[in-house]
Each structure stands twice: as structure tokens, then as C-alpha cells.
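Step one of this worksheet: look at the structure below.
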Amino acid sequence: MEYNFSDIESKWQKAWKNSQTYKVDIDRNKAKYYVLDMFPYPSGAGLHVGHPLGYIASDIYSRYKRLCGFNVLHPMGYDAYGLPAEQYAIQTGQHPAVTTKENINRYREQLDKIGFCYDWSREVRTCEPIYYKWTQWAFIQMFNHYYDTALDKAMSISDLIAQFEKNGTEGVSAASSVELKFSAEEWNSKEETEKLSVLMNYRIAYKADAMVNWCPALGTVLANDEVSEGLSVRGGYPVEQKVMSQWCLRVSAYAGRLLEGLERIDWTDSLKEAQRNWIGRSEGAELSFKIKNQETELIVFTTRADTIHGVTFMVLAPESDYVQIVTTEEQKNAVDAYLDQVKRRTERERMTDKKVSGVFSGSYAINPVTGDEIPIYISDYVLAGYGTGAIMAVPAHDSRDYAFAKHFNLPIIPVIEGVDVSEQSMDAKDGIMCNSTFLNGLSVKEAIVCAKQYIKEKGLGRVKVNYRLRDAIFSRQRYWGEPFPVYYKNGVPTMLPEDKLPLLLPEIDNYLPTENGEPPLGHATKWAWDEKNACVVENTKIDQISVFPLELNTMPGFAGSSAYFLRYMDPNNEEALVDRQVNDYWQNVDLYLGGTEHATGHLIYSRMWNKFLYDLGIICKDEPFQKLINQGMIQGRSNFVYRVKGTNQYVSVGLKDQYDVQPIHVNVNIVSNEVLDIDAFRAWMPEYKDAEFILEDGKYICGWAVEKMSKSMFNVVNPDDIVAKYGADTLRLYEMFLGPLEQSKPWDTNGIDGVHRFLKKFWGLFFKGEEFCVSEENPTAEELKTLHKTIKKITWDIENFSFNTSVSAFMICVNELSAMKCNKKEILSALIVLLASYAPHVCEELWSLLGNKTSVFDASFPICNEEFLKETAVKYPISFNGKVRFTLEMPADLNKTEIEEMALANEQTIKQLDGKSPKKIIVVPGKIVNIVF
RNA sequence: GCUCUGGUGGUGGAAUCGGUAGACACGCAGGACUUAAAAUCCUGUGAUCAUUGCGAUCGUGCGGGUUCAAGUCCCGCCCGGAGUACCA
């Protein structure tokens, strides 16, 4: 009987839906396993063939885990807030909620066709009030907590207030934006509003004037991970630096724990490394330099305290607060001119053009160790946001300082023996110290330790760990995002009462900023908070007595995606983000699949967010994603035809060098194995109607290139088309067969026929002509062997995410069984269960044809009989490459003659065992014998 | 610059702990079936030389090394991809 995949697939997709086969509930008799995909942003373009790669892999894994007896949570949802829907709304006036809903429906339709085992009853959408209520709730919690650096956890802000009332800042250990010092009397005598503004310095969600990445084209600020090389990641628009009052999250307070936590999770080294670099821990010292004739001390951060004797000048960032203090009357004009010049340069110019620039401030600092007077400069090579925004310059051992010193003709003093600094600096932490009084003769490594010790003892500064990781800017000047649960009472940001959440996103009729430059929410007419009645009211009622304006910013994209994995556990709970008992069962994600592009964004924020909730006791695990696998990107594979310039003639790729040609993208869907469907090409566009072709071997062969998958390159392949032509099971197997999961690779349908042929052969094992024909006989040893080696291989492959090689193993298995004409029920049943995770529809169909009343996914995964494989290994050696190998342990201490003797002795044994003469014998002492027949 | 990754036939890729390199698949060539085509099946397919049957030599980006044995380990380079960057 023919393998009719489209009937089979629609039949089982319906059956699964009707019987809720994939619905999952807490079952305390079973171990849980949580498999999660990074949820998609539903874009207008729909899914292309690259998107499902990770979903297929996680689907296989979930089904496998279920067959192994786990209670598997495998949900899916949508990251529904985002820029594209809003940009579309600006252009068309279509409400983002409408387009988002349409896109979600389209995504769902596409996903369903591939036959995933998601429990859709747990779906979340970040733009739904029932969901974003908890995003707003978490924000309020962050506002109401500070980070205690001694306890290393988030604590209630009321604890901090109690400490201030009792002892002021004395003994307080709290992460803060600025280090403040005040006594209990000073605190208690402060006005209420003043107290609130002091507390902002400590809150985990806080509002502050921050240097932000402002993107004029998008009309919003962006987080650091949303900017790359001075351009916005979305859209590629220029980004400038600007000071604005913004909500921020004190992510930096969690830097140490984010770093430490990496040790306990099972991620790839490269991803952990990317996070380590982004967090950027560096150990060093803060050093105070006295300024000549002034009270103020200049504090710098350095990792090279050992080079203190080589300091010949100081440099301040242009934005540094020190600039005003150290600039002298005589230098004021020069400094102002320089600051003005720096301000006019965009971030991008500053990065691309690394020309040395700077200005002398007029002041001198005193080197605390040598007592030398050294000039203080201002230059934009020093960043305001890192360390203290000021550095001690050691031109002999830092290439940037070196370039600066050469440019301004400043002295360069080497402090490491035998270093020539006439051409370049010596940056390596290597060598023996010199010119350094008490450090002379020490190695650099010893000197770093010794110098830090010296600094501490003499009270010149303190040992300090610095992080590169900065707080996240949490405001966006956009419409399509979560509204902040915040109103402004006489200018003071105040949280809405928790029981009034969610604060619903208002309707507006214009998605652009307002005339006076406010974010789009400024257009909302009903957007004010009536404190007394605790409800949203018309703007016109604002009286600043009991009705106040609401926040006009919205939250960024990562807000909704930071805790969604928790919500899947308990998606309809209206009392809590997640019930604690429910969380105790599902705990955290065991396996998370997604792209590397989230390494420094989502994967940092969600870890931080999760740790915060853990500190509050809401959840039981502080790391959200135990194991993480990155699937590679599927790139587009474009095809080209070559038009002879100035004609309507097209030449096949092999002959194109003989003509003057112009390559033209051609729709990949009318090309098969590089051969162009000429009729389809003529019909494709009117301009090709009368095209003529210069063929090779009677065919038109196209050229190809790997490019991004995009409409303009005509290389987008839609999964629906593949499903229609070959079936979902073929698509699933083929995507896995394409190559290693983690590797990026171009989509190319050249091999899909082979996979489809395999499924037909597999189907064919169960039929004799038109008849379904399966034998109840006991299988032979040879048949069992084929089965068990396949079980062994598939089990290993799934557990190691080596899905591509397991498809090969299935092909070999089916080839062998069909060569043996095996139709034994025992073998075939096991094979169905084995393959079911990969090709669920066809397996479910065959499983039911075998007379089973329940789903194949209620069966158990077959177990490999290792003993049997070992026993048969001599007679029927295991081998996946089609050749025969016999292995035998050999004693370790043999010389060459003994080895040869051993080999000859074994040759006899092998002959007796197998009745054949070996072709070749390879013998290795201490290892194994390889005998090839 | 730094960090991470990768480099194997005409193509995608396999080789899981240092043990026959090229599994499996595509493509190609030849054959069977067919009036013909499609579909299906069979055979061959790293290179060079030898082909009368055997075979022989080379071969995993390049150059060295360790080992009985290296695609795999070590040292030094070359090339591609990704991330990140005046981070003191």
C-alpha cells in the first residue's frame, strides 16, 4: 500500500488534538522533565524553514523523555510585544494587537502542520493582561527591594530605611548608583521627597539620569545589547549618546552571582565565555591621587597597581564629574572647546576614528607612592561608565596611554627590565620589575600582589573588583509594550497598588511621539491615576492633588521574556506569577533550546530576573536553565541564472565564463538540484516570457550562493510547501539530517528525496503488496542484532543531541531489515517506538495498524540488550561502516616479536570462530586487535 | 586586537575514549524492468598509477612533533564564520 503521508498526518494531528494527547499535569509519581524552546516573536513574514529546526529537535527530545517515563512539560507561547508590529502600525494605522493576533494565528497554523507535541493549554502571550500583570508585579517588587552586598541577596527597601533611621549609612552594604554618606540624624531630618530621591539610589528598579543609547529613527532608547557597532540591532539605524531620565534595573548588583552561577549550569563553553566577557570581571585596586593645591582626591581604578612608578600623567573621561574641579582658569577655554568637540561626535565616529585627542586640564596630581607631580588630561579614550571614569596612565605598559603620551610628548618610563619603549609599549604582564623602589626584582605577578598590599597598608586606596556589566535601561519611548505601573505624584514616581494590576495598555490613535516630544502614550486621553478611587481616569482630571499623570514610557522587549518559563508552569494563576508548590514540582527548565543571539541579552536578563525572584522566595531554583543547546541558523541558499548582458539569453553556469554575463537571483522554488525548471522560469515573471537558454547536456544548471534567507533574494523556503510535497515527517527527519544541530548551515533540498525514500521503505516493511502483513514469528539472531545495535545508537544519539547521525542509523537499520525481508512484529514494534519521536505521524499510524489501542507515546522506549550484543559481537561484529571488526584485549608489555606471535595465535582463533580467513590483522599492545575479513 | 568556532571526496556530512578515514545521503556513471517515461531495484563512485586477476602509492588547510598507531593529542602558521572591544 502506498505511503499516503498527507492523510496520515492530518488524521493524527486531529486525533492528538481531540484526545489531548500532549496535555500534561503535575504527577508526583513521575519525575518531571521541562523542555523549553525560546518562544518566537510572531513576525508578519511567517515561519520559514529555518525556524522549526530547534523546535523539531526539542520535540524529538520531549517525546523521547516521555517514552522514557518522564512527566514532560513542553510548552510554547509568543513574545508578542515588539517593534515590527508597532512600525507597521505607524505606516498603516493598523492596531499592533490586531496584526500580532493575525501573525500568531499564522504561526500556530504553520507549527501545527509540523506535528509538535506542545501542551497548548499552557500557551502564554506577553501582550495579554493576564500575563503582563506579572511583569508589572515583578517590576514593583524590584522597586521595593535593594541589593544587600553583604548578604548577597535582594532585601526589602523597608529594611534599608530602618537601617538609615538607626545608623545612617554606617554599616550599610547596599548596591548603589552613587556612594552616599550620611548619619541617622541627617537622614531623619530629611524631607519625605528627599528621602525618596535618596532611596532611588538603592532600589533594584530605579529611575535615574543615565547616559543612554538614543536611536532617533526608532524614537526610543535601546539597551547595550540592542546596539551593535553604533547601530541599532533592529533596523540598523544610527544610535547616539544622550543623558535622559530613565527607568533602570540594577543588573550590575547581580554581576558576581551571574558569573558564579555559570559554574553550576550545563551550557556550552562558548556561550559561558560570551557571558563572562559581557560581565567582564576584573580584579584590581582603587587608588587615590591628591590633586595639587586642592582638597579633592582623584580616584582611579587599575588592574596594574604594579606599574604605579611608571605613571606619568592622569586622564579623565570628558563626562567625568572631576573635569569641572580640575580645570584651571587658564585652561578653561581649551577644555570647553574640547568638550564641545567630543559632544558633537557620535558614538559611531568615536569608535571608528581612533585618532588621539585630548586637552590638558591645567592641574597636577601627586603620585601617592613617588610624590611626583603629574599632569591631568582630559580625553575621550577614557570611558565615563567604566571604573571611576578616570585613569592613571602608564605609557610604557599600555598601548593607549603610549599613543597619548607620544602625541602630547609626555615622558615614558618603563618599570620592567629590558623593555624598549622607543617604538611601542609593552602591555604583557610578564618580566621583572625595575625603577620601582620596593617592587624591584619581583616578577610582575608578585608585584601586583605586593603593590595591592602596600596600597592597603598605607591607606592609599583599596582592593576592588570591577565589572563591565552595566545596569539595564528599562524604559522605551514606544507604544507596543507593557505599561509601567507607575504614576507621578508631584513629580515623584509612585507604584500602583498591587491589587490594581494589571494596568491596561490604553488605546491611542497615533503611534508616533507627541508634538512636545512625549512617547506615544502621551496621545492617550484616558491616562491618569485617581489615587483616591484607585482607577484610571481621563487626563483632563489631573489636579496633582488626588489625580496624577501615569508613566508614558513602556517596558522593553526583554521584560516579558524574562520570566515566561515560570508562567508556563501555572499559566492561568491569577493569585501569583506561579504557585510555590507548582514551582517546587517543575522547578526549572532542564533543557532550553534557542539561538546564540540571546547570549548577552535575554539570557542575562532572565537569569538576573530569576535570581531576584529566588531571593524573594517566590521560586525554588536560582538558575532558570540547567542545560542549554544553541541550534545553528539556517541560512538561505540562493540560486542564480546568468543573463548575457544586453540580451534575453541565459547561459548555464558551466558555460558562463565564455560570455559577458550578469547573475540574477532566481526563485529557489523553481530550481531542483540546481536544474532550472525552464517553463516555470518563463512563467515566473513577464520579462522572462521569451527567455532563451544556452544549455549544457540539455539542462540549464544554476549557480548558487549562501546568503541570508530573505524575500529579496528569492531564497525563502516555506515549511508548508515542504510539508505539502513530502509530509511533516520527512521535513522533520530532513531538518535533522541536514547536519549537526548546533552548526549553521544553508537550507538546501538536494537531499530530501533520500529521506523521503527512507520513510517509504520503512512503510514498505509492513506491507506485502497491498496487504498489511506482519509476522508473529520469533525474530532471528541477526534481526535482533540489527534492532539492538540501532537501539543502542539511537539512545546515544538522542542523549547527545546528535540527531543527524541517528537518521543515518535508521536508514541502515531499515536497509538491513528489508534485505533480510524481516516483517517480525517484535522487531517492527520496537522500531516504531524508536522512530516515533522523529516521525510521529507515520509511527502512530503503523502502531495503530499493529492493533494497539493507545498512542505510541504511551509505550516505553526499547532498551538495548547489551549482553546479547556482546555475545554476538564475535560472530556478527558490530560495525556501522559496513566493514567487520573483531576486537580483543591485549597485554600491555609486549615487544614486537611477541605481538606478531600473538597475532598469529589469534589468526587461528578467528578462523575457528568464524570459519573465514582474516585479510588483515592489526595488533597493538595494551589495546586491541583489529582483524579485517 | 581579544574570545569562541570551524577547515575531511563533486555536495551535505560520518568517524562518540588515539585504533581500517570518507558511514549515511545527494549527485554522477552504468545496468535491470518498461514500447517509452516516471517510479523502483542492482552495480560502481577520494586521487594517482597499474589494470590480465592481484594490487601499489598518496590522501582530513599548511609545517613540525609525540605514538606501534593521529582527522583526533602537542607546538608553530594560514584561511573562513560568530561574538566583543579605547573596559584601564
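Chain identifiers are assigned alphabetically (A, B, ...) following the order of the sequence lines, protein sequences preceding nucleic acid strands; residue numbering begins at 1 within each chain.
Residue Asn800(A) is out of contact with every strand shown, counting any heavy-atom pair closer than 4.0 Å. Nucleic acid contact class of Ser808(A) (heavy atoms, under 4.0 Å, all strands): base. Heavy atoms of Pro740(A) sit under 4.0 angstrom from primed sugar atoms or phosphate atoms, though from no base atom. If you check every strand for non-hydrogen atoms under 4.0 Å, Arg637(A) touches nothing. Using a 4.0 Å heavy-atom distance criterion, Tyr467(A) is classed as making no nucleic acid contact. Within 4.0 Å of Lys761(A), counting heavy atoms only, lie sugar-phosphate atoms of the nucleic acid but no base atom.
Look at Asn804(A) and you'll find a side-chain N or O under 4.0 angstrom from OP1 or OP2 of A14(B).
In summary, the side chains of Thr805(A) and Ser808(A) do not present any donor paired with an acceptor at a separation below 3.5 Å, with no hydrogens or angles considered.
Of the two residues near RNA chain B, Met811(A) and Ser744(A), the one whose nearest nucleotide lies more 5' is Ser744(A).
Across G31(B) and A23(B), the matching P atoms stand 24 Å from one another, rounded to whole Å.
Taking CG of Asp401(A) as the reference point, atom OG1 of Thr312(A) lies at 8.0 Å (rounded to 0.5 Å).
Arg757(A) forms no cation-pi arrangement with Trp763(A), by the criterion of a distance under 6.0 Å to the ring centre and an angle within 45° of the ring axis.
For Trp747(A) and C26(B), the CH2 to P distance is 15 Å, given to the nearest whole Å.
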